Amino acid sequence: MNSKFLTPYNPEETENRIYKLWEDSGFFNPDNLPGDRKKAFTIVMPPPNANGNLHSGHALFIALEDIITRFKRMRGYKALWLPGADHAGFETQVVFEKKLEKEGRSRFGMDPEVLYQEILNFTLKNKENMESQVRSLGASCDWSREKFTLDPDVIKKTQETFIKMFKDTLVYRGKRTINWCSKHQTSLSEVETESVEENTPFYYFKYGPFEIGTVRPETKFGDKYVVMHPDDKRYAKYSHGETLELEWINGPITATVIKDEAVDMNFGTGVMTITPWHSQIDFEIATRHNLDIEQIIDWRGKLLEIAKEFGGMKIKDAREKIVEKLDAKGLLIKTDRDYKNIVKRCYKCSTIIEPQVKDQWFVKMEPLTKLALDAVDKKEVRFIPDNYEKVFRYWMENSIDWNISRQIVWGIQIPAWFRGEEIVASIEKPDGEGWTKDSDTFDTWFSSGQWPLFMTGYPDGDDYKRYYPTDVMETGHDLIFKWVPRMIIFGLYLSGKSPFHTVYLHGLVNDAQGKKMSKSKGNVVDPMTLTSKYGTDALRMTLVVGNTPGTDLSLREDKIKGYKNFANKLWNIARFVLSQENTGEPDKELTHEFEALAKDITLDMENYRFHIAAEKIYAYVWHRFADEIIEESKPARAGGKIPERAGTLYYLLENSLKLLHPFMPFITEEIWGELSKENLLMIETWPFDSAQGKPI
RNA sequence: GCGCGCUUAGCUCAGUUGGUUAGAGCGACUGUUUUACACACAGUAGGCCGGGGGUCCGAAUCCCUCAGCGCGCACCA
């Protein structure tokens, strides 16, 4: 017996060595796996952002996806887990801008190409760091197939999809209301904003004969339309199109009465003025009635010339002063300070989103969401846990056209050209003179949405034929809107097939108190610290046992400690068994008992109940195998059965290692190596074959 | 406002399709230096399964309702 068994299990010493053994074996690549493997099983890894360290959420998904992959590999599938790295467009640009800020620099004014190159260098460096962390978590993914979301073929294919969609009239250029972040100087999609309820003063002003209410007096300079519901009896004497002279912020103006059903008669006074450039609903009303649309606030969030003396002021500073002026003019009627409204903010910097009207590219969602809903109806895609199907449907049924243009350099360029009113979608410059290239880049989710296709070499790669559609998409439930729907849509649109049949959604990893981890709260736990302290196997068990899909997890250090102890328990079981000579046939009763367990666990695994499977094998190994079977076998005990039991103990150890391997790959492989086996444990045969309904 | 989820032992959580005395880990308590392991072992205590109502032979599990907590979505100016 190896002398290393005389000391407690040492994960740090073991893990790198074992990982290298696996990687050098080539078996992460299913094409190298032994035996006649007919069926493929494929998982696409959600590519971690290459802009920093892995967090606990990454550790969780790597554990889960590795468990699935290792299980399927042992079950005889061509198991393929496709790793990637995400350039993470806007997110990385935000991280990089913070870095620039610290260095006293700013992206504004920088040459776009220089800026791009700098972010690229930054990202590639972080990519290596990220990859080494994924390895240290034991991921048995096929690195030979790794992709980066800015690989040349990914860029090209993304642009080709855009061109195809342009031809199919599924993308269009439109002047519409968009979410504008005045700090980051870019538009954002709905999922990149967050709405928070806030207490904002609600002002009532005298507007000619009317009383209007608003939370945004600073937008009111250009307001020359007063809108009410056509059925509102209070205002029946005013007719649509009628004009009125009235005194407003900067002097007398002419206002026009507009009747529109969008107005809620029961809210406020039932009358409002509109600012079409800076409000979605106002823009819609203005469009319906063909009204003037004028910009009041500039792209930096400051008031324009139209505000006269307030021009150049920031919204925050201007608001109160404008109210003061209106009050001085006797136009302020009252202020409701208890009013609560919803304020949209940039999800990265919390800057209040300023709705602006801008020419942008949009994806027409309705025909595409229909494809996705059909696929769900036909059960071509299912969700675990299944209540997410409802959430998914809700989003699909209510999604509005998707703004895919971003005014940042860090991303894939939109292949579009403009000349006057002409618009051409093309990677190359169109023939003729006077073309201007679109300077915008794609929303990251536009390319990430095609990730399962790109990872398998769509449209004509070998892997596309062999491994697409993939099987499971395992990701966080926070991506149910951002990512999952886009992948299903693009998969159906481009390949005619859903990119996967199962969506497994894991919960968030929170701190020990169940609070969300965040840098500002200072409660972030670095998974790398935990693995070096307790071992990767212990961390993986902690993240998996008792953690039901879709439910958030409180990461507690005492739990990890418990599984570190378990690793050591297993270590000592091995030590004990290895100290015996392997003689005698396995005991019939005990092997049957084990087979029943293996069957049970196999069913749990196949039905994605990893939280139960892990707990069962844990309980068996410790409390049945060690506490009872081994104890009873000891010669010192009355009726101790060594050495007749030795064969049984070897049988149970070997097969327990197999069942445990997906969960605790390092220590099981390490012990396996001491059993003088020909193969690596990672390619051993799983000890139960559910297809044949019997142990093998 | 709409939707989803949660509420089970001191703490963190399991409990697959309703079926015998409700489970785990940690913690607490009492013992044990028994040569695989003190990162251990043997054992003990602790729960009207959030409240109320219903269906059923039978409910932690299904239905209704109330309360508290968490999360998501939301163009009422």
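A note on names: the letters A, B, ... follow the listed sequences, proteins ahead of strands, and every chain is numbered from 1. Note that this is a predicted model, so its numbers are computed, not measured.
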Practice item. Could you check whether A:Arg609 gets within reach of a base, just the sugar-phosphate, or nothing at all, counting any heavy atom under 4.0 Å? Key: base

Check your understanding: So, does the side chain of A:Lys569 form a donor-acceptor pair with the base of B:C37 at under 3.5 Å?
Key -> yes

Review point. For the base of B:A36, is there a side-chain donor-acceptor partner from A:Glu631 under 3.5 Å away?
Key: yes

Study note, to complete from the structure: Residue pair A:Ser195/A:Thr273 against RNA chain B: nearer the 5' end by closest nucleotide is A:Ser195

Check your understanding: At under 4.0 Å between heavy atoms, what does A:Gly546 touch on the DNA or RNA strands: base, sugar-phosphate, or nothing?
Key -> sugar-phosphate

Check your understanding: Would you say a side-chain N or O of A:His477 is under 4.0 Å from OP1 or OP2 of B:G70?
Key -> no

Exercise for review: Please state whether the base of B:C4 and the side chain of A:Lys390 form at least one donor-acceptor pair under 3.5 Å?
Suggested key: no

Point to revise | Sugar-phosphate, base or nothing in reach of A:Thr548, heavy atoms under 4.0 Å | key: sugar-phosphate

**Study point:** A:Glu12 atom CD, neighbour heavy-atom count above 12 within 6.0 Å
**Key:** no

Review point. Which of the following nucleotides, B:A77, B:C73, B:A74, is nearest to the side chain of A:Phe481?
Key: B:C73

Practice item. Identify which nucleotide among B:C39, B:A36, B:C41 has an atom closest to any side-chain atom of A:Asp627, counting heavy atoms from C-beta outward. Key: B:C41

Practice item. Have a look at A:Tyr618 and say if it touches a base, only the backbone sugar-phosphate, or nothing, with a 4.0 Å heavy-atom cut-off. Key: sugar-phosphate

Exercise for review: Please state whether the base of B:U12 and the side chain of A:Arg556 form at least one donor-acceptor pair under 3.5 Å?
Suggested key: no

Check your understanding: Which is true for A:Asp558 with a 4.0 Å heavy-atom rule: it touches a base, it touches only sugar-phosphate, or it touches nothing?
Key -> sugar-phosphate

Check your understanding: C1' atom, B:U34 versus B:C41: distance in rounded Å?
Key -> 9 Å

